[in-house]
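To keep things clear, I will list the structure first and then write my remarks on it.
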Protein chains: 2
Amino acid sequence: MDENTKKTQKKRERRKEARPAEIIAAAIDLWKVRGFAATRLEDVAAGAGVAKGTIYRYFSSKESLFEAAVEARIVRNIDQADQSAELFGGTTEEALLTFFEKVRREMVEGGSFIFLKVLISEGHRFPELVERYEATVLRRGFEVVRRILLRGVERGELKPEAAEFDPRLVVAPAMMLSLWGTVFPGVGTPDAHQLLRQNVALLIGSLGVE
Amino acid sequence: MDENTKKTQKKRERRKEARPAEIIAAAIDLWKVRGFAATRLEDVAAGAGVAKGTIYRYFSSKESLFEAAVEARIVRNIDQADQSAELFGGTTEEALLTFFEKVRREMVEGGSFIFLKVLISEGHRFPELVERYEATVLRRGFEVVRRILLRGVERGELKPEAAEFDPRLVVAPAMMLSLWGTVFPGVGTPDAHQLLRQNVALLIGSLGVE
DNA sequence: TCTTTTAGTGACTAGGGAGTCATTAGTGTA
DNA sequence: TACACTAATGACTCCCTAGTCACTAAAAGA
């Protein structure tokens, strides 16, 4: 095939700084469609426009490439969460809906579902990675939800008991939906928005004042 | 390392009828702890007390062994669902709790989570299997939930709108919890009962009459 | 310009496990 | 008891890909 996609360019460029990010990006792109195990490092290399050996200058193994990719995404997630002023502008209802939509978009469109997939199926192989993902992404997400609930109570929109409500129950449907959507075509995708809205209604209906 | 577990016994027995079920049972046991991909067929053979070649008398490939295992479990699930009189004896609250507990037990203790794991991570490799699982297990489960809701409305325990409520939202937390429990030690396991109870309270709080 | 450093290369190796098949031996029948 | 049939065996082949390493050449600097 034609590896002359980028026409006028030296074959060998030394771009120490840019390589890791490019390799990670190529890897995630491929993992999204073929999965982690089924994607060969050689394909990743091709996708990033380097030779296989180059990957090993920056990552000591396929797994450590995966770790680095998770790390990169986690950082992005944290940044996003920090700018979450939008979550705390309007009503509790709006905040929940925005949050769910954020989760769904990051998972499905952003491709983060691939990390979950790998952790789910091969997590026992890298327990420390599972640990970090749990601590950094999941717990952080739960924390955001807890803040939304607390603020709702303060604003008088939620009953006081809502402060004790377990965030895992709030988040589970949004995550499950995203996962289902990438596995079972019929179950998750078609009406995600609709369903998330219904989930918000459920929560407000039970935890809301009146 | 001692394969003399069963002491006084011919090394080679011809038991055409029993083999497939034994092989499937051994396979599921191993998959539960090591995962699908990481379990070698030779280990499965050892677990079933046969040689590797024997597996190929009954299953044409590792994947078809997986399919057969899913099939066996699906049948079991259907049988269970058919005896679900216990689901429809008491109040809606009790029915929901029983159902959630059923799901959790089958997933975690029964080991069905391994099918979900494989479908999630490698589902794209056997689309027809995904299709069948979705149609037979998921949709069936959703149907049971719908029946519970409808009956709740009839009994005057749930608002009429509950009849329109999407079963996926009802089931998602129970499934997510089971999955989390097998991946993230801290997130799913410890207080599953407690959490499922809270989920029932949430549903009743929003969909219940009064 | 020549030299040094190191990013980048890709043919090669090593290891592991799925699937094969010629052989062995239970089991039912004549 | 001898024979035929086929369940069961496990050593072997084959393929696949992660990871290596001796080599190549881009850039920096003397």
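This is a predicted model, so every value here is computed, not measured. The figures that follow rest on heavy atoms only: side chains count, while hydrogens, waters and symmetry mates do not. Numbers restart at 1 for each chain; the letters A, B, ... are given by sequence-line order, proteins then strands.
Between A:Phe59 atom CZ and C:dA7 atom P there is a gap of 14 Å when expressed in whole angstrom units. For B:Tyr56 and D:dA8, the OH to P distance is 16 Å, given to the nearest whole Å. Between the CD1 atom of A:Ile55 and the P atom of D:dC21 there is a distance of 18 Å, rounded to whole Å. A:Glu13 has its CD atom 10 Å from the P atom of C:dT9, to the nearest Å. Following rounding to the nearest Å, A:Arg19 (CZ) and C:dG8 (C1') show an atom-to-atom distance of 8 Å. Between B:Leu41 atom CG and C:dA18 atom P there is a gap of 5 Å when expressed in whole angstrom units. Between the NZ atom of A:Lys16 and the P atom of D:dA28 there is a distance of 12 Å, given to the nearest Å. Rounded to an integer number of Å, the gap from CG of B:Asp43 to P of D:dG10 is 15 Å.
Contact annotation for A:Tyr58: backbone-only contact, meaning every heavy-atom pair under 4.0 Å involves sugar-phosphate atoms and none involves a base. At a threshold of 4.0 angstrom between heavy atoms, the contacts of A:Ser60 with the nucleic acid are absent.
Between A:Glu143 and the options A:Arg146, A:Arg140, A:Arg139, A:Arg147, a salt bridge (Lys or Arg N to Asp or Glu O under 4.0 Å) holds for only A:Arg146.
Contact between A:Val153 and A:Ala163 at its shortest, heavy atoms only, is CG2-N, 3.9 Å. Nearest approach of A:Met175 to A:Val103, heavy atoms of both residues: CG-CG1, 4.4 Å.
Side-chain proximity of A:Arg40 to the nucleotides D:dA26, D:dA18, C:dG19 is greatest for D:dA18. The A:Ala51 side chain lies nearest to C:dG10 when the options are D:dA8, C:dG8, C:dG10. For B:Arg12, the listed nucleotide lying nearest its side chain is D:dA8; candidates were C:dG8, C:dA18, D:dA8.
The shortest distance between the side-chain N/O atoms of A:Lys52 and the OP1/OP2 oxygens of C:dG10 is not below 4.0 Å. OP1 or OP2 of D:dA7 sits under 4.0 Å from a side-chain N or O of B:Arg57. In terms of phosphate contacts, A:Thr54 brings a side-chain nitrogen or oxygen within less than 4.0 Å of OP1 or OP2 of C:dT9.
In terms of position on DNA chain C, the residue among B:Arg14 and B:Glu63 whose nearest nucleotide sits closer to the 5' end is B:Glu63.
To the nearest 0.5 Å, atom CD1 of residue B:Ile120 and atom CG of residue A:Leu179 are 5.0 Å apart.
Note on ring orientation: taking the six-membered ring where Trp is involved, the planes of B:Tyr133 and A:Phe184 are parallel (angle under 30°, cut-offs 30° and 60°).
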